[in-house]
Amino acid sequence: MKIYDFESGSSDPVLNDELYMREALKLAQKAFEEDEVPIGAIVVSQGKIIGKGYNLTERLNDVTAHAEMQAFTAAASFMGGKYLKDCTLYVTVEPCVMCAGASYWTQVSRVVYGAPDEKRGASKFGNLFHPKTNVVSGILLEECATLVKSFFRNKR
């Protein structure tokens, strides 16, 4: 896997969050083009993308093949262990219960997402993230929401 290095990025955390979310959006667009629900995710450690993924549920015929799960697996492989402390998950749509649970077990330090998922998002069920995980929402909300809405509008 190619490691993207953004360490020389801005010292402004919001700008960095937007930079990384744009990378996740690129993966969501790839999912859209493959007729998958367009959600993309990346895991960042020390300014480097160490894991990435997008929804593969249709291609793999696997309900667990969410973008976050793909990114967690790639990041854990890169790190050589299952814990992702001091890492940030960027995902274009709010994680579902399954993915929030997986983030709990990885002990990821931050979860940053773009658009809320009012039907299946983890926040609907209380705080399912690890107690030490900082959750940030609304980064590039419009771009993230527009892509998902466009996908489902095309399905109807």
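In the hydrophobic clustering, Tyr83 connects to no other residue, as no ILVMFWY side-chain heavy atoms lie under 4.5 Å from its own. Taking Ile, Leu, Val, Met, Phe, Trp and Tyr as hydrophobic and joining them when side-chain heavy atoms fall under 4.5 Å apart, one finds Leu141 isolated, its cluster having no other members. Trp105 shares a hydrophobic cluster with Tyr104; the chain of contacts runs through ILVMFWY side chains whose heavy atoms sit under 4.5 Å apart.
In this structure Ser150 satisfies the side-chain contact (heavy atoms from CB on, under 4.5 Å) test together with Phe32, Arg153, Asn154, sequence neighbours excluded. Residues satisfying the side-chain hydrogen bond (donor to acceptor under 3.5 Å, both in side chains) test with Asp86, not counting sequence neighbours, are none. Scanning for side-chain hydrogen bond (donor to acceptor under 3.5 Å, both in side chains) contacts around Lys85 gives Gln107, with sequence neighbours left out. Taking the side-chain hydrogen bond (donor to acceptor under 3.5 Å, both in side chains) definition, one finds that Lys124 meets it with nothing, sequence neighbours left out. In this structure, Thr73 has no side-chain contact (heavy atoms from CB on, under 4.5 Å) partners at least two apart in sequence or on a different chain.
Summarising the geometry of Ala115 relative to Cys144, their closest heavy-atom pair is N-CB, 3.9 Å, with the distance given to 0.1 Å. Contact detail for Lys52 and Leu27: the closest heavy-atom pair is CB-CD1, 3.6 Å. Residue Ala31 comes nearest to Pro38 through the heavy atom pair CB-CA, 3.9 Å, listed as atom of the first residue, atom of the second, then distance. Residues Glu36 and Thr57 share a closest heavy-atom pair of OE1-N, 3.2 Å. Closest of all the heavy-atom pairs between Ala74 and Gly51 is CB-CA, 3.8 Å.
Put simply, OH on Tyr20 and CZ on Arg110 are 10.0 Å apart, with the number rounded to the nearest 0.5 Å. Taking CG of Leu19 as the start and CG of Leu140 as the end, the distance is 10.0 Å to the nearest 0.5 Å. Here the CD1-OG1 distance, from Ile49 to Thr88, works out to 11.5 Å after rounding to the nearest 0.5 Å. Expressed to the nearest 0.5 Å, how far CD1 of Ile42 lies from OH of Tyr54 amounts to 15.5 Å.
Among pairs with a residue in residues 134-148, those fulfilling salt bridge (charged side-chain N to carboxylate O under 4.0 Å, His left out) read Arg22-Glu143, at least two apart in sequence or across chains. Note on residues 53-76: pairs passing salt bridge (charged side-chain N to carboxylate O under 4.0 Å, His left out), not counting sequence neighbours, are Glu34-Arg59.
Note on Ile39 and Val63: separate hydrophobic clusters, where clusters join Ile, Leu, Val, Met, Phe, Trp and Tyr whose side-chain heavy atoms are under 4.5 Å apart, directly or indirectly.
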Could you go through residues 91-99 and list every donor-acceptor pair under 3.5 Å that involves a side-chain atom there, pairing it with any protein atom two or more places apart or in another chain?
residue: Thr92; atom: OG1; partner: Gly40; partner atom: N; Å: 3.1
residue: Glu94; atom: OE1; partner: Asp117; partner atom: N; Å: 3.0
residue: Glu94; atom: OE2; partner: Ala122; partner atom: N; Å: 3.3
residue: Glu94; atom: OE2; partner: Ser123; partner atom: N; Å: 2.8
residue: Glu94; atom: OE2; partner: Ser123; partner atom: OG; Å: 2.6

Run the side-chain donor-acceptor check on residues 125-137: report pairs under 3.5 Å with partners two or more places apart or on a different chain.
residue: Asn127; atom: OD1; partner: Phe129; partner atom: N; Å: 3.1
residue: His130; atom: ND1; partner: Lys132; partner atom: N; Å: 3.1
residue: Thr133; atom: OG1; partner: Val108; partner atom: O; Å: 2.7

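The shortest distance between side-chain heavy atoms of Ser109 and Cys87 does not fall below 4.5 Å. By the 4.5 Å heavy-atom criterion applied to side chains, Ile50 and Met79 are counted as neighbours.
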Go through it in stages, so that I can follow the logic: the residues are Phe72 and Leu89, the test is side-chain contact (heavy atoms from CB on, under 4.5 Å), and I'd like the CA-CA distance, side-chain angles, deciding distance and then a yes or no.
CA-CA 8 Å; Phe72 286 149; Leu89 168 71; 3.7 Å; yes
Stepwise salt bridge (charged side-chain N to carboxylate O under 4.0 Å, His left out) test for Lys30 and Glu33
CA-CA 5 Å; Lys30 188 171 182 177; Glu33 291 164 5; over 6 Å; no
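Under the 3.5 Å distance criterion, the side-chain polar atoms of Asn55 are matched with a main-chain donor or acceptor of Val37.
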